[in-house]
Every structure is written in C-alpha cells, then in structure tokens.
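Only heavy atoms go into these numbers, but all of them, side chains included; no hydrogens, no water, no symmetry mates. If you're wondering where the values come from, they're calculated on a predicted model, not measured in any experiment. Per chain, numbering begins at 1; letters A, B, ... match sequence-line order.
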Number of protein chains: 2
Amino acid sequence: MLVIRPYEEQDWPQVWPILHETFAAGDTYAYAPESDEAEVHRLWVELPLATYVACAPDGAVLGTYYLKPNQPGLGAHVCNCGYVVAPAARGRGIAAQMCEHSQVEARALGFRAIQFNLVVATNEVAVRLWQRLGFRIVGTLPGAFNHRRLGYVDAHVMYKELVS
Amino acid sequence: MLVIRPYEEQDWPQVWPILHETFAAGDTYAYAPESDEAEVHRLWVELPLATYVACAPDGAVLGTYYLKPNQPGLGAHVCNCGYVVAPAARGRGIAAQMCEHSQVEARALGFRAIQFNLVVATNEVAVRLWQRLGFRIVGTLPGAFNHRRLGYVDAHVMYKELVS
C-alpha cells in the first residue's frame, strides 16, 4: 500500500539521498551528476509547480515526482513531470503509480498534456513503462544524452494528451 | 550587408521593441504575450549563454538571437536558439543568416547539436526555412502551442546535428 501525497519540507532528508543517488548514476536524468544538495532542492522542490512523495505505510519515502509547466505562457498548458524511485524500492510498480497519480493531478490543475523531454533510449524499462501508461514516442533526438557509462546515446520526446 | 555581433547592453532600446512586438503577437513564441520588459530582458539576455544582434550598416538592429544549453549537465552538449527579426525587416533572409551564424557559434562553443523545442506548425515559413538549413522535424507535439488567434495548434521539435 503506497500513499502518494504532496511533498513537505520535512521529507527532504529522505528525498535528497534518493535524488542524489539517481542523478549521480548519470544514466536517466540530465541533471549534472555532481549537483549539490541546494541545487537539487531548487530544481526538484522550488522550481516545480508541485512535488509529491510516495510513502510506505511506515512513512518511509520510496519515490518522488515533480510537476511543472513545460513551457512558459502559450505552452504552459502542457506539463512536464520527473519521477524517481529509491533504488531499493524499484520493481514494485511505484513509478507506474506515481505516473498515474501525476496524470490525475495534472488534469485537476488544468493541464492538457504531459511531455517528457529527454527519456534516455537505453532506459528501456522506463520507455516501455511510459508506453504502457499511454505515452507515445513523438520523436528521437540523436545523441542528446551523455550517458555516464555509455557516452552519447539517443533520447526520446514522449507525450500523452490528457483531453480529447 | 548584415553585421551579426554579440549583443551589448546599449542595444536593448532597439532589441526590446522587436521582442515585445513578436511575443505580443502570440503566434511564434511561447513567452507570455504580456511579458514585461524586465522579464523579456531576463529570458533573452540574462539566462542564455550568449545573445547576438544582426545590424544594418547604419547600426540599426534588424534581428536578434540567443544561444543556450537546452538541458543541464548530461544534456548540455545540445544547444537551443531563438531568433527574432524586426517585423519591418522580414523577408530579407535575416533569420537564415542568423541561423547560419548560430551554427558556427554553437560549434565553436563545443555544442554537438541544435534543438528547437517548440516550432509552431502554423509558422510554415519558419518550418521550411529551418528545414532548408538542415534541421529535421524530429516529432510533432499535438496541440502544444496556444496560438493567440488560432487556439491550440501543433508544434514541432526540430534538430540538427553539428558533428558527424
């Protein structure tokens, strides 16, 4: 049983290590692997419109996601989300539940679509998961991601419309 | 004869009206049409890595463009540019010259590709121009641009690799 709720500042000591480990791996997110705590707090908590945490019944944070407009002004009806699951909690469907939750939240906030700007093509588990949840590969950017182990790899732009 | 050179702060009184008129039209850029001068200065001059102006021999600014990394860290080898031509100077090839210039600058700065994130599909002149200059439509985002006159219209992601 997973509880997904808005992030509160007291969650940060649990959220930061999850984000740090994920970004440091350099295989899924573009954020510089060496990003420090203040920078990660800014981009995950301060800049987005909303941030959420996914918690176990005992309160342990197992995942987190943010939601924000993907563009200013005339593009602000499309949102962008980023999801991270604690390494020890992967394979339990937590990313899928956060993504479903984000679609409900995005609709409630008036967004008309969700766009992922840089889904690393070698992250096949994620690509398949987003496809299963209704996202489509709009196009593929050649060499757009500098994978920490593999070097330059392709990245997909993925998109799902929330209104018909 | 067009001179394209780095922006200097003394150019702002000529640059601002061009940007203001372009953004206010709400048919090509996502920036909110009502963006004020300080906000536009921030996004066109302060946030980008570099800004340029295209000038007539008498010094009149006829166009301007910015260049910046499109993503942080592991995506920062792909740059993003935005080009604006003064309404009275359109149809003279100024956008094409600025785009060629930006490709030279981007290569010199070490970028490996240029990405346009939101090329409004109804802006057919621009789409064709970028294609002529070697950019490819990577994919099309349904309804991603809220055109001030036409409502929700599609937008293209366009991309050109600068290295082989």
Exercise. Given a strict heavy-atom distance threshold of 4.5 Å, which part of B:Glu34 is in contact with chain A: side chain, backbone, both, or neither?
Worked result: neither
Exercise. Given side chains that start at C-beta, do those of A:Arg136 and B:Pro142 come closer than 4.5 Å, heavy atoms only?
Worked result: yes
Exercise. Is it true that a side-chain atom of A:His147 and a backbone atom of B:Leu74 form a donor plus acceptor pair closer than 3.5 Å?
Worked result: no
Exercise. Around atom NE2 of A:His20, are there more than 12 heavy atoms of other residues, nucleotides or ligands at under 6.0 Å?
Worked result: no
Exercise. Heavy atoms, side chains only, cut-off 4.5 Å: are A:Leu141 and B:Val78 in contact?
Worked result: no
For this session: Spell out, yes or no, whether B:Met98 and B:Val127 are grouped together once hydrophobic residues are joined by side-chain heavy atoms under 4.5 Å, including indirect joins.
Result: yes
For this session: Output the option from A:Gly139, A:Ala144, A:Gly75, A:Gly73 having the highest count of non-hydrogen pairs under 4.5 Å with chain B.
Result: A:Ala144
Exercise. Can you get from A:Leu118 to B:Ile114 by hopping between Ile, Leu, Val, Met, Phe, Trp and Tyr side chains that sit under 4.5 Å apart?
Worked result: no
Seminar exercise, completed: In terms of heavy-atom pairs under 4.5 Å with chain B, the winner among A:Ser35, A:Pro33, A:Ala155 is A:Pro33
For this session: For A:His77 and B:Gly143, indicate whether the former's side chain and the latter's backbone hold a donor-acceptor pair under 3.5 Å.
Result: yes
Seminar exercise, completed: Highest number of heavy-atom pairs under 4.5 Å with chain B among A:Asn117, A:Thr140, A:Asn146, A:Asn70 belongs to A:Asn146
For this session: Answer with yes or no whether the hydrophobic clustering places B:Ile137 together with B:Val120; edges join I, L, V, M, F, W, Y residues whose side-chain heavy atoms lie under 4.5 Å apart.
Result: no
For this session: Consider only side-chain heavy atoms of I, L, V, M, F, W and Y, link residues closer than 4.5 Å, and tell whether B:Leu62 and B:Tyr65 are in one cluster.
Result: yes
Exercise. B:Tyr159 versus chain A, heavy atoms under 4.5 Å apart: side chain, backbone, both or neither?
Worked result: side chain
Problem set entry | Co-membership, hydrophobic cluster, residues B:Tyr29 and B:Val45, 4.5 Å side-chain | yes
Exercise. Quick one: of A:Ala30, A:Ala32, A:Ala113, who has the most non-hydrogen atom pairs under 4.5 Å with chain B?
Worked result: A:Ala30
Problem set entry | Atom CD of A:Glu21: over 12 foreign heavy atoms under 6.0 Å | no
For this session: Select one option (side chain, backbone, both, neither) describing which atoms of B:Phe23 are under 4.5 Å from chain A's heavy atoms.
Result: neither
Problem set entry | Largest heavy-atom contact set with chain B, pairs under 4.5 Å, which of A:Arg112, A:Glu161, A:Arg148 | A:Arg112
